[in-house]
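Just so it is clear, the structure is predicted and the values come from calculations on it, not from any experiment.
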Amino acid sequence: MLTFTIRRLVISIPTLLFIALVIFLLLELSPGDPMANVPLTVPPEVKEQMRLALGLGEPVHIRFFKWIVQFFWIEPLNLIDHFLGTGFAEGKLRVISWQTRSPVMDIVVQRLPQTLWVVGLSYVVGVAIALPIGIYSAYRQYSLFDQAGTFVSMIGYSVPPFFSGVLVIVIFSVKLGWLPSIYDTTHVVDSWDSFVVQLQQMIMPVMVLALQTTAQISRFMRASMLDNLNQDYVRTARAKGMTERVVVLTHVLRNSMIPVVTVIALGVPGIFGGAIITEQVFKVNGIGQLLITAIQANDLPMVQTLTFIFAVLIVLFNLIADVLYGILDPRIRYD
Amino acid sequence: MTDNHATDPVIHNPVGPAQAAGKPRPPRNQWLDVWDQFRTHKGALAGAAFFIFIVLAVSIGPWLWTVDPTFIDIRARNQGPSLTHPFGTDQLGRDLLARMIKGGQTSVSVGLMAMALSVFLGTAVGVLAGYFRKLDGPLMRFTDLFLALPLLPLLLVILLLFRDVLRAAFGPEAGIFILVVGVIGITSWMQTARIVRGDVLAIKEREFVLAARSIGTPNRRMITRHILPNVLSPIMVSATLGIANAIITESALSFLGFGFPSDFPTWGRLLYDSTDYLQQFPERVMWPGLAISLTVLSVNYIGDGLRDALDPRIRGR
Amino acid sequence: MKLRTALWGAAAATALFPLSAHAAAHEGERGRDGEVKIIYWQAPSILNPYLSGGTKELEASSLVIEPLARYDTEGNLVPWLVDEVPTVENGGVSEDLTQITWKLKEGLKWSDGTPVTSEDVKFSWEYCTADGGGCAQSEKYGDVTSVETPDERTVVVTFGVPKPFPYGPFVGAQAPIIQKAQFQDCLGPKAPECTEANFNPVGTGPFKVTEFRPNDVITLEANENYRDPNKPAFATVTFKGGGDAAAAARSVLETGEYDYAWNLQLAPEVLTQMEAAGKGKNVSSFGTSVERIHINFTDPDPQWGERRSTADHPHPFLSDKNVRKALSMALDVQLLTEIGYGEFGRLTCNVLPAPEIYASTANDACKTQDIEGAKALLDEAGWTPGPDGIRQKDGVRLSILFQTSTNAVRQDYQALIKQWWNEIGVEVELRNIDASVFFGGDPGSPDTFQKFYADVEMYTNNFDGTDPEAYMASWTCDQAPRPETQWQGNNMMRYCSEEYDALVAEMAKTGELEERARLAKAMNDMLMQDYAILPLTHRGRNSAHANSLGGVQLNVWDSELWNIADWYRVKE
């Protein structure tokens, strides 16, 4: 397993470079113009000057090379500078966003807290609810609990957040006035009261997002458990006189986790990617909102950097999932 | 009702149907068995019935309810349900029932086709990667690549490259339909592929697979007879969730201008457009919301029933 | 008699009382009213308007940095950092219209306490015109040959040509004064490296930045060196961005979480309903924005390859004036305006609807729909219905591809217009394109409004300030986007008329206001009567503010937040 992991990590490097190139070319090819948000009253000649100032006049391969250097060399140097107070990166140009004319990574760091609070927490909550629901629904298939779970999760999954988000805002913010409809990203938690405020502003986006996660994961959990509950080894385990608890939660669960681990691992990079629509609805302004505004403004360095970090996480978590397969089912061999 | 069996898996008989019946029976067609089992699943029957109802409603509906879904009667705008407009009218006075029917045609067909495409691609990639060790690396890295691509720029590029080609080849409507189905299909197969591969990796080390291999079963047969039936349930779940996804994604595509023209109703579009009017005219949101949810729910129950019916261990219980 | 006088007196007193109470309540020391919360559903990404032409950035930065003079709610120039606006009459503008002399107010200070001098003003010009800086507002400084600073408070701007309207440089939210000390190392290509300055400019405005989070939220506090010791009334400002217009409107009108929401383009009935919650009110004001349809005079047929939509190939049927006129007659602009904008839109038959002196009345026939007339006109012109009901002549079918940007109101307009045009026998296919592509100038994209690979297109345009010269010059022959210009240019219709070009040239030479107005009107009428542009709605800007927020005066000629120093909290 260790050699497998190391080999995969080594393969990841060319893979990621290739992905970076594909993303770059894709963004290059896609129609769109960083000047699209500039009002129509600004004359075309001025817009052309602005494009040149962004470096759009240079050929594609040079811009790609510049980005690679900035991302893989100058940004890490900056990080070292930041922690050790050294001056390696002084005077070197970092990855600069076209919209804000400031380093992309600074904004990403600024966006991380609210993204983790809301999207990350919702994922944890969603998974934590989904697993027991999935297990119990399968164990008591077609019971009232199972039926209700199916109903709620399917409705929850088919109602998109652009609607469910507005719905909860109308109910809890407008009609009842209990919760704020706008997330305050500058809020600092330093006391019990401020923690309550933080909870209040988080609860709606977290729940709306968790509903989607729960619906999806509990369905996969349930289906996979059902597959395994009928296997011969379950009968054997029971025949040996093991308790139901051990049979279900140790043997069946462990063997049912493979698809669930896949889904969960696929979802983790999504936390970093943020939740575009939900963030938009609740004005959380996390990384999802950053990405979508960057795409709309054709802020290529920003989009490229965000997507690439996202790609790194995808490759990493898919590797983690593969390692977990081997732990869950030792029969799985990769070489 | 099979409640007893279902709630207590301990006492079920895991042996095949013939033995369960306890006496010899003339050999039956496998699909008849499947149907027999499917019939006993009440949820699945109700789901199938509702789904057929939806399909009928959107396909023969336009003959029964002949109002033009794009006709604007500005004097009748923002009306509640009435005899002339059973579902009410929208902000331009278009009949909502007619729009729901017309929208259903698009949404249901896009949902099914895109789901089918994505499940097919996902299963194919997943099975190949899981089963053939040589293909695993390249196919999974390819999957990683697709997972990493930013969706919106990808759509813009696809649109740029293929819209005019498809329009010229199939005409505006069919061209856009193919484009939308294709776009949704090729951007949503990755999860299925990863899940299927994970399951296949585990299954191909099971005893029955080793047994089948030791008697020299060719790969093709191994996959279709032994591997695929055993990864069916996650595929079913993916398919169910995939329909919901496709219907919503389609609306997002059309909204952004990548899909159908703006006067072309679809359920997702109707839901999106009426969200602004949530407080004034709640019923307007309800119709598309219900239609999408119930369709997905019915497909889910059909999937559940099929899964049970196709599992020989459950069948005949 | 006595009683009546007493009653009158009482009535007068009650009528007067709130006013005087008001006056008393909103006078006082700086920062007395605590926090004001503003929401813009598009979030500002930088606070330097010279590096971003975007409206959201302009308005956010107007809290901090200010121009020498700006426009009031009526579109009149008012002195801001100067005591009076220079004119020819008061000697501030030279007789030959090539020089303008500004004199700064006495005792002006930056928010860091240092004095504002004429050097700073001169530097603002240098900053924007530096090579390689990509300044978004460089047009404001067009034709400026030099800026001189005879003394600490005097600035003399010299133009290379006579400027009948010399109020481009340093006027309006687009051309504010920035501090030389802060930006002097940020000239030209170095501009993007000055993140700290771009996010946190030192200004003369009523507020200064405490924290700037790009594309998210800005927190500001009152500027202790602001020139009026009693202003602003608010101690801090929270300027939140993001979300969508409906959510912004909801947070002001329904939940009362925010005090001011900007640019709420929503269906009028939605806004009215939200207002009924009683927490705030909608305000609107009209500038020069007109939602219009542009007609393509050239053929967008793909068979012409690179030369499609260029003057090489005239449009097969839209080059026929009768067809254009019929399309115009079939429109019910009154209904469109009512449905799309309600009280936030007005009828107009001009592409140049304001200011008052430029507004023509010669084209008012467009206000009434005439479907029958349109049919008759087409019949007469030889366009007769074919077997499928679509009119045709010599094998050319009246089939139109109608494109616009993605926007709920625009799609409603499209649906309505399609129905009317269908009624007169014209086939219409609708297409909507994401705004970031449609308004982008990417020459590689087929979907931009400049390329105009469609028969008609709809969007809104306007002009900055009150002088329409540059705006009216958009529709000369050489402004047509074409491959040779990398598809840049403002003349989307590819309209080309020598007579029109002559009027544009004449206006550039004319100084007298009345005469300029006559010329602008003549150009407008020419475009209208040629049915090159079909105006649909004169769009107002509408915003909403909480009932407890006083002093808001919506201004469409300048930043909406132009008078935030005068905003105050209404005491219950």
Side-chain angles (χ1 to χ4, degrees), chain A residues 11 15 18-19 22-23 26-27 29-32 139-143 147 150-151 154-155 157-160 162-163 166-167 170 174 216 219-220 223-224 226-227 229-230 232 234-235 238 258-259 261-263 266 269 291-292 295 303 307-308 310-311 314-315 318 321 325 329 331-334, chain B residues 1-3 6-7 9-10 12 14 43 133 136-137 140-141 143-145 147-150 152-154 156-157 160 190-191 194-195 197-199 201-202 205-206 230 233-234 236-237 240-241 244 247-248 251 268 271-272 275 278-279 285 289 292-293 295-297 300-301 304 307 311 313-314:
Chain A
I11 296 177
T15 312
F18 180 70
I19 291 180
V22 172
I23 295 172
L26 183 77
L27 294 178
L29 199 60
S30 90
Y139 187 63
R140 296 251 180 263
Q141 197 189 6
Y142 303 133
S143 65
Q147 302 286 13
T150 304
F151 192 77
M154 289 329 278
I155 300 268
Y157 194 76
S158 35
V159 174
F162 67 70
F163 170 65
V166 174
L167 183 69
V170 166
V174 176
Q216 200 189 8
R219 295 317 291 170
F220 280 109
S224 185
L226 282 176
D227 272 356
L229 277 168
N230 292 319
D232 297 343
V234 180
R235 206 157 29 106
R238 282 185 176 130
I258 286 185
V261 161
T262 317
V263 179
L266 276 179
L291 180 63
I292 192 75
I295 289 177
V303 180
T307 333
F308 185 72
F310 193 52
I314 287 170
V315 170
N318 282 347
Y325 292 167
D329 189 342
R331 281 175 298 188
I332 294 181
R333 281 168 300 131
Y334 292 103
Chain B
M1 178 87 194
T2 52
D3 233 346
T7 50
V10 188
H12 86 270
R133 190 163 292 152
D136 190 20
M140 280 302 110
R141 299 298 78 73
T143 312
D144 286 346
L145 170 66
L147 279 167
L149 289 183
L152 267 169
L154 180 67
L156 284 170
V157 171
L160 182 74
M190 293 80 78
Q191 194 186 29
R194 293 275 322 167
I195 295 167
R197 166 185 171 268
D199 259 10
L201 281 177
E205 306 297 341
R206 291 262 186 88
N230 281 291
S233 33
M236 283 291 180
V237 176
T240 321
L241 299 176
I247 292 178
I248 301 300
S251 66
L271 182 63
Y272 187 90
T275 303
L278 181 65
Q279 282 159 279
V285 198
I292 299 174
S293 306
T295 305
V296 174
L297 204 60
N300 173 64
Y301 279 119
D304 266 8
R307 203 195 65 84
D311 187 345
R313 279 181 295 252
I314 299 181

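The pair B:D144-B:R141 counts as a salt bridge, with a side-chain nitrogen and a carboxylate oxygen less than 4.0 angstrom apart.
With B:L145 as the fixed residue, the side-chain contact (heavy atoms from CB on, under 4.5 Å) test singles out one of A:T15, A:V22, A:V315: A:V22.
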For A:R219 and B:N300: C-alpha separation, side-chain torsions, deciding distance, then whether side-chain hydrogen bond (donor to acceptor under 3.5 Å, both in side chains) applies. CA-CA 10 Å; A:R219 295 317 291 170; B:N300 173 64; 3.1 Å; yes
Could you give me the CA-CA distance, side-chain angles and deciding distance for B:I195 and A:V263, then say whether side chain to side chain contact (heavy atoms under 4.5 Å, CB included) is met? CA-CA 7 Å; B:I195 295 167; A:V263 179; 3.4 Å; yes
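Between chain B and the residues A:A311, A:S224, A:A223, the most heavy-atom pairs under 4.5 angstrom are made by A:A223. Most heavy-atom pairs under 4.5 Å with chain B: of the set A:F162, A:F310, A:F151, A:F18, this distinction falls to A:F162. Listed options B:I247, B:L147, B:I292 were ranked by heavy-atom pairs under 4.5 angstrom with chain A; first place goes to B:L147. Comparing B:V296, B:V285, B:L241 by heavy-atom pairs within less than 4.5 Å of chain A, the highest count is held by B:L241. Comparing B:R206, B:E205, B:R194, B:M236 by heavy-atom pairs within less than 4.5 Å of chain A, the highest count is held by B:R194. By number of non-hydrogen pairs under 4.5 angstrom with chain A, the leading residue of B:G43, B:P234, B:G137 is B:P234. When the candidates A:N318, A:T307, A:V170 are compared by the number of heavy-atom contacts under 4.5 Å with chain B, A:N318 comes out ahead. For the set A:T150, A:I11, A:V174, the count of heavy-atom pairs under 4.5 angstrom toward chain B peaks at A:T150. Of the listed residues (B:T240, B:L154, B:V157, B:L149), the one with the most heavy-atom contacts under 4.5 Å to chain A is B:V157.
With a 4.5 Å cut-off on non-hydrogen atoms, A:S158 touches chain B through its backbone and its side chain both. With a 4.5 angstrom heavy-atom cutoff, A:V234 does not touch chain B via any of its atoms. In this structure, the portions of A:I19 lying under 4.5 Å from any heavy atom of chain B include both its backbone and its side chain. With a threshold of 4.5 angstrom between heavy atoms, A:L167 approaches chain B through its backbone and through its side chain. The part of B:I248 that comes within reach of chain A is its side chain, from C-beta onward, which places non-hydrogen atoms under 4.5 angstrom from that chain. Both the backbone and the side chain of A:L26 come within contact range of chain B, each with at least one heavy atom under 4.5 Å from a heavy atom of that chain. For chain A, the nearby part of B:Q279 is the side chain; its heavy atoms alone come within less than 4.5 Å.
Note that CZ of B:R133 and CG of B:L201 are 8.5 Å apart. Values are rounded to the nearest 0.5 Å. Separating the CD atom in B:Q191 from the CG atom in A:L266 is a distance of 6.0 Å, to the nearest 0.5 Å.
Using a 4.5 Å heavy-atom cutoff, the side chains of A:P160 and B:L271 are in contact. No side-chain heavy atom of A:R235 sits under 4.5 Å from any side-chain heavy atom of A:R238. Residues A:Q141 and B:D304 are not in side-chain contact: their nearest non-hydrogen atoms beyond the backbone lie 4.5 Å or more apart.
Smallest separation of non-hydrogen atoms from A:I23 and B:A148: CD1-O, 4.3 Å.
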